[in-house]
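For reference, the structure is listed below as structure tokens.
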Protein chains: 2
Amino acid sequence: MGRSKADGGAGVRERILAAAGALFAEQGYDATSVQQVVDRAGVTKGGLYHYFGAKEDLLVELYRAVFGQRLAALEKILAQGRDPEWTLRAIIDDIVVGTAAMMTESAAVSRELAHMDSDRTQRLQADWRRYQEAVRGLIRDAQAAGVFAAVASPELVSWSIFGVTTTLHTWYRPDGPQSADQIARELADLVLTGLTARP
Amino acid sequence: MGRSKADGGAGVRERILAAAGALFAEQGYDATSVQQVVDRAGVTKGGLYHYFGAKEDLLVELYRAVFGQRLAALEKILAQGRDPEWTLRAIIDDIVVGTAAMMTESAAVSRELAHMDSDRTQRLQADWRRYQEAVRGLIRDAQAAGVFAAVASPELVSWSIFGVTTTLHTWYRPDGPQSADQIARELADLVLTGLTARP
DNA sequence: CCGTCAATACCGACCGGTTGGTATGTAGCT
DNA sequence: AGCTACATACCAACCGGTCGGTATTGACGG
């Protein structure tokens, strides 16, 4: 069995992560056994535990892959210092398109995030809360400045946005009638029309 | 009357269901063992399997308790035959307040619904889809009649509403600053302002 | 009012199978 | 020789579910 190079093209570590992401998205974290992951990745358990210390590390790594990009994009958007309407639209666009681009991994992470509470995941959840607080702050400031109407609290608005993206995997299909760009634009239109409508 | 052991006064069946709902919400369905459920309910495994045929039946029962009420309320609202704005507002109010009133059970169900695929649960998911289709149809008709603006597709609007409610458990606290009524009103305001704003 | 019997409610030890994780081995490169 | 990168074999713990048994209840004949 000469399988040393040019196997699936990707490295073993990446194959394991991809298999884990797909299986977690399909069946859930707990319902997926380590054996299933290594079978799909075409390696053995020894191989997996060579690269990862525990099953939970797979989830953490997936989380980093998905969320690290979002956080980096957010800071880039905020750094531009543009008006609230443009900024919120850019955030919505990034989170929808970015989530759609890594659908399986995002689905796994958003579905399973809640039942991790070990020390390591604590930090990741803190990052996620920081992201949300940035969005809420943006809305709060714009409402205080009179740019956005106070139809709804910053909390409610931000949760509407995140609610759509965390449940995106239950209805979005890459080959469906609506593209990710379209969804992002519609969501931004709905939210921003609500926030900027004149009485 | 002869209660043998210290209990909450409720029947064994109800105690088991309540314990299961709480544990599923806290840890997830797969991560919760039958042993944990019976420990919290103060009974034994034999007792649980006297009332329920399988672990999955607990989820199904919980689902019925949560969703049956929503479906009944929807039909009552639609039966009134009022205008789309009033109807959509009533639906949003019911789903938010109703979900908040059974927070732990709703959290368990909405989180775990995705990875059930046995025959019995298939039917329940069909009911859920019917609920969604009713909301989408309402929006679609109102948009066609010119009552609602076409800022966003019926699908996107409906998913915004359901996205908030299925993620409600991650941020709503009964003793928090915002009551369920307030959240419902704000969500309805945000959505309906977006849908009825004049250009 | 009592004794009997059958049904119901519940117990707890137990089962086969699966789980996450590990100890040990080895092939190839440096 | 020593290190990395995996494979193989294996384990203790735990899983959902079963089963033979007991305590409690209620209907009924006498």
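Here the structure is a predicted model, which is why all the values come from computation and not from measurement. Below, chain A is the first sequence line, B the second, and so on; all start at residue 1.
Proximity note for A:Val12 (side chain, C-beta onward) versus D:dA7, D:dC6, C:dC11: the nearest is D:dC6. Closest to the A:Tyr51 side chain, of the nucleotides D:dC6, D:dT18, C:dG20, is D:dC6. The side chain of A:Lys55 lies closest to C:dG20, out of D:dC15, D:dT18, C:dG20. Checking D:dG17, C:dG21, D:dC15 against the side-chain heavy atoms of B:Ser33 singles out D:dC15 as nearest. Among the nucleotides D:dG17, D:dA7, C:dG21, the one closest to the side chain of A:Thr44 is D:dA7.
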Start with the C-alpha gap between A:Glu61 and A:Glu56, add the side-chain angles, then the distance that decides, and say whether side-chain contact (heavy atoms from CB on, under 4.5 Å) holds. CA-CA 9 Å; A:Glu61 203 77 9; A:Glu56 207 189 55; over 6 Å; no
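Nearest heavy atoms, B:Val38 versus B:Gln35: CG2-O, 3.1 Å. Of all heavy-atom pairs spanning B:Arg136 and B:Pro154, the tightest one is O-CB, 3.7 Å.
Taking atom CD on A:Gln35 and atom P on C:dG20, their separation rounds to 9 Å, with Å as the unit. Atom-to-atom, CD of B:Gln36 to P of D:dC15 comes out at 7 Å; the value is rounded to the nearest Å. Between B:Phe24 atom CZ and D:dG16 atom C1' there is a gap of 12 Å when expressed in whole angstrom units. Remark: P of C:dT18 and CG of B:Asp30 are 16 Å apart, rounded to the nearest angstrom. The CD-P distance, from B:Glu14 to C:dA9, rounds to 12 Å in whole Å. Computed from coordinates, the A:Phe52 CZ to D:dT4 C1' distance equals 16 Å when rounded to whole Å. Taking atom CG of residue A:Leu59 and atom C1' of nucleotide C:dG20, one finds them 14 Å apart after rounding to whole Å. Summarising the geometry, the separation between CG on A:Asp39 and P on D:dC6 is reported as 17 Å, rounded to the nearest angstrom.
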Sub-3.5 Å pairs of nitrogen or oxygen atoms, protein against nucleotides 24-26 of chain C:
none

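Side-chain atoms of A:Lys45 come within donor-acceptor range of the base of C:dG21, with a qualifying N/O pair under 3.5 Å.
In this structure, A:Arg82 satisfies the cation-pi test against A:Trp86, with its NZ or CZ atom closer than 6.0 Å to the six-membered ring centre and inside 45 degrees of the ring normal. Geometrically, B:Lys55 does not engage B:Tyr49 in a cation-pi contact defined by less than 6.0 Å to the ring centre and at most 45° from the axis.
Side-chain contact check for B:Phe52 versus B:Leu17: some heavy-atom pair is nearer than 4.5 Å.
No close placement of the A:Phe162 and B:Trp171 rings is indicated, their centers lying 6.0 Å or farther apart.
For the pair A:Gly46 and A:His50, nearest-nucleotide mapping onto DNA chain D gives the more 5' position to A:His50.
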